[in-house]
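Only a predicted model underlies this, so the values are computations on that prediction, with no experimental measurement involved. Values reported hereafter were calculated over all heavy atoms of this structure, with side chains retained and with hydrogens, waters and symmetry mates removed. Residue numbering restarts at 1 for every chain, and letters A, B, ... go by the order of the sequence lines.
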Amino acid sequence: MSTRKRYWLMKSEPEDFSIDDLARVGTEPWTGVRNYQARNFMRDGMRVGDEVLFYHSNTDVPGIYGIAEVASTAYPDPSQFKKSSKYFDEKATEETPRWFLVDVGYVRTLAHPISLAQIREHSTDLGEEFALIRKGARLSVLPVTSAQWKLLLSLEKKR
DNA sequence: GCCAACGTTGGC
DNA sequence: GCCAACGTTGGC
């Protein structure tokens, strides 16, 4: 089994939680993911030290605004058990939790954000299947290959 | 605010 | 197991 670092992209609405918020708190439990595919990536794919592109969605200029890292192994998302939470899931129990999360740690804020428009310009190189730009894809946690990672971060300097 | 695309739910 | 209805995501 490979121990090589893996790469991911995680979306957040900056009004809810931005890269600046992460910079402030340092580490944050990535609560509220309620999509099975995204959950599986966190639960089964992520390892401490993996690197994460921090993406702002649902905002004026959607795109990659920072770098984060996986700071914990996966554990049950506490919000699924809290009746008062908007993420409460009545079908989840402590014995058989349904939703998992990881802690995400701040690494750095990009000097120049990489906009979705910029990213789209490189769709050929990134691959049409790249879930960030695939038509209609709404995954909030998705894997990034090391080639994609390299290409995307090379756009930081170009602007 | 609109709405296309998609995932989930639940009746049958 | 099908699929219509519904809810959500997220770009624009």
> Can you name the ring-ring contact (aromatic ring centres under 6.0 Å, His included) partners of A:Tyr36, sequence neighbours left out?
Replying inline: A:Trp99
> According to the ring-ring contact (aromatic ring centres under 6.0 Å, His included) rule, which pairs have a member within residues 55-94 of chain A, sequence neighbours left out?
Replying inline: A:Phe54-A:His56, A:His56-A:Tyr65
Enumerate donor-acceptor pairs with a distance under 3.5 Å from any side-chain N or O in residues 19-26 of chain A to protein atoms, sequence neighbours excluded.
{"from": "A:Asp21", "atom 1": "OD1", "to": "A:Arg24", "atom 2": "NH1", "distance (Å)": "2.8"}
{"from": "A:Asp21", "atom 1": "OD2", "to": "A:Ser18", "atom 2": "N", "distance (Å)": "2.8"}
{"from": "A:Asp21", "atom 1": "OD2", "to": "A:Ser18", "atom 2": "OG", "distance (Å)": "3.3"}

>> Holding to side chain to side chain donor-acceptor pair (under 3.5 Å), I want the full list of residues that pass it with A:Asn40, two or more places apart in sequence or in another chain.
In response: A:Arg43
> Does any residue of residues 54-64 of chain A have a heavy atom under 4.0 Å from DNA chain C, and if so, which ones, in number order?
Replying inline: A:Tyr55, A:Ser57, A:Asn58, A:Pro62
> Nucleotide by nucleotide, 5' to 3', does protein get under 4.0 Å of the base (B), only the sugar-phosphate (S), or neither (-) in nucleotides 4-11 of chain B, counting heavy atoms?
Replying inline: -BBSSSS-
>> Going by side chain to side chain donor-acceptor pair (under 3.5 Å), name the residues that satisfy it together with A:Thr96, two or more places apart in sequence or in a different chain.
In response: A:Thr93
> Does A:Arg108 have any salt bridge (Lys or Arg N to Asp or Glu O under 4.0 Å) partners at least two apart in sequence or in another chain, and if so, which?
Replying inline: A:Glu156
>> My understanding is that only residues two or more places apart in sequence, or in another chain, count here; which of them pass salt bridge (Lys or Arg N to Asp or Glu O under 4.0 Å) with A:Arg34?
In response: A:Asp77
